[in-house]
Asks: 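Handing you this structure, nothing more for now.
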Amino acid sequence: MLYLITPDGFVSTLQASLGDVLVDARRGRPLARQAWVAQDPGLAGIPAETVLAVALRHGLDGGIGLVVHGGFIDHVLEPERLRAVERNQNRIAAQLAAIAPEPRFEDRDWHRQQRAIAEEARQAAGGSIRQAEKTAEEVLSAPVKDHLARAWERAGGLLPTS
């Protein structure tokens with residue numbers, strides 16, 4: 001998936017590979033004329049500021065805005081997605097603990113083992129979140145590319161202050 005951000009702040013997507021789109025561009029169908037689908041900002045959950053920040057570092061000049069591969073966006077959104085999964089798991093675990101009957105004596109070892117497995121999974125999830133945060137930080141801390149900043153301004157966009 002590709003993302004296009006235009007100076008009016010709209011984000012659009014295109015279900016195509018970057019290679020296919022670049023081949024189309026060489027054949028006379030530029031990025032701006034692809035079949036972009038506008039995203040509803042409330043439903044997409046991807047702030048335009050995030051797309052712009054990533055596109056200025058890892059994107060392409062789309063003529064009417066900047067284009068960025070969805071993989072970069074996924075890296076930036078992954079920590080929050082993992083935290084949401086963790087919150088949901090914690091909520092479910094609390095609900096189950098609240099309704100679980102006291103284990104019978106002969107089942108207590110099994111219950112201890114299950115709690116240990118759950119704790120190991122929780123720690124692994126924490127490690128995944130930390131790794132995703134590190135990756136997102138690397139994506140966002142890359143320097144802004146001058147040619148992309150100039151392309152953004154040529155399209156009519158204002159560069160973010162930070």
Asks: In Å, rounded to the nearest 0.5 Å, how long is the span from CH2 of W36 to OG1 of T13?
Replies: 8.0 Å

Asks: If you round to the nearest 0.5 Å, how far is CG of D74 from NE2 of H69?
Replies: 8.5 Å

Asks: Find out whether L2 and L60 are in side-chain contact, i.e. whether some heavy atom of one side chain is under 4.5 Å from a heavy atom of the other.
Replies: no

Asks: Hey, is the main chain of A53 close enough, under 3.5 Å, to the side chain of R57 for a donor-acceptor pair?
Replies: yes

Asks: Name each donor-acceptor pair under 3.5 Å that joins a side chain in residues 131-139 to protein atoms two or more places apart or in another chain, with its distance.
Replies:
unit_1	atom_1	unit_2	atom_2	d
Q131	NE2	T135	OG1	3.4
E133	OE2	R83	NH1	2.6
T135	OG1	Q131	O	3.1

Asks: Nearest 0.5 Å, what's the CG-NE2 distance between L56 and H147?
Replies: 10.0 Å

Asks: Hey, is the main chain of G65 close enough, under 3.5 Å, to the side chain of W152 for a donor-acceptor pair?
Replies: no

Asks: Do I64 and L22 land in one hydrophobic cluster if side-chain heavy atoms of ILVMFWY residues count as linked below 4.5 Å?
Replies: yes

Asks: Please report the shortest heavy-atom distance between V67 and G62, naming the atom on each side.
Replies: CG2-CA, 4.0 Å

Asks: Rounded to the nearest 0.5 Å, what separation is found between the CD1 atom of I129 and the CG atom of L82?
Replies: 5.5 Å

Asks: State, yes or no, whether a side-chain contact exists between I46 and Q39 at a heavy-atom distance under 4.5 Å.
Replies: no

Asks: About how many Å separate OG1 of T50 and OH of Y3, when rounded to the nearest 0.5 Å?
Replies: 11.0 Å

Asks: List the residues meeting side chain to side chain donor-acceptor pair (under 3.5 Å) with D20, not counting sequence neighbours, and say none if there are none.
Replies: S17

Asks: By salt bridge (charged side-chain N to carboxylate O under 4.0 Å, His left out), which residues pair with R81, not counting sequence neighbours?
Replies: E78

Asks: Find out whether M1 and L14 are in side-chain contact, i.e. whether some heavy atom of one side chain is under 4.5 Å from a heavy atom of the other.
Replies: no

Asks: What residues form a salt bridge (charged side-chain N to carboxylate O under 4.0 Å, His left out) with R87, not counting sequence neighbours?
Replies: E80

Asks: Evaluate whether atom CD of Q123 has more than 12 neighbouring non-hydrogen atoms of other residues, nucleotides or ligands under 6.0 angstrom away.
Replies: yes

Asks: Determine the minimum heavy-atom distance between L148 and A55, stating which atoms define it.
Replies: CD1-O, 3.2 Å

Asks: Any idea which heavy atoms bring V144 and A149 closest together, and the distance?
Replies: CG1-CB, 4.1 Å

Asks: Using the side chain to side chain donor-acceptor pair (under 3.5 Å) criterion, which residues pair with S12? Sequence neighbours excluded.
Replies: none

Asks: Do V68 and V51 come close enough that some side-chain heavy atom pair is under 4.5 Å?
Replies: yes

Asks: Please identify each residue that fulfils ring pair (Phe, Tyr, Trp, His ring centres under 6.0 Å) with H75, with sequence neighbours left out.
Replies: none

Asks: Please report the interatomic distance CG(L66) to NE2(H58), rounded to the nearest 0.5 Å.
Replies: 12.5 Å

Asks: At their closest point, which heavy atom of P7 faces which heavy atom of A155, and how far apart are they?
Replies: CG-O, 3.2 Å

Asks: Tell me whether L140 is reachable from I5 by hopping between hydrophobic residues (I, L, V, M, F, W, Y) whose side-chain heavy atoms are closer than 4.5 Å.
Replies: yes

Asks: I want to check something: taking the side chain as every heavy atom from C-beta on, are L4 and L31 in contact at a cut-off of under 4.5 Å?
Replies: no

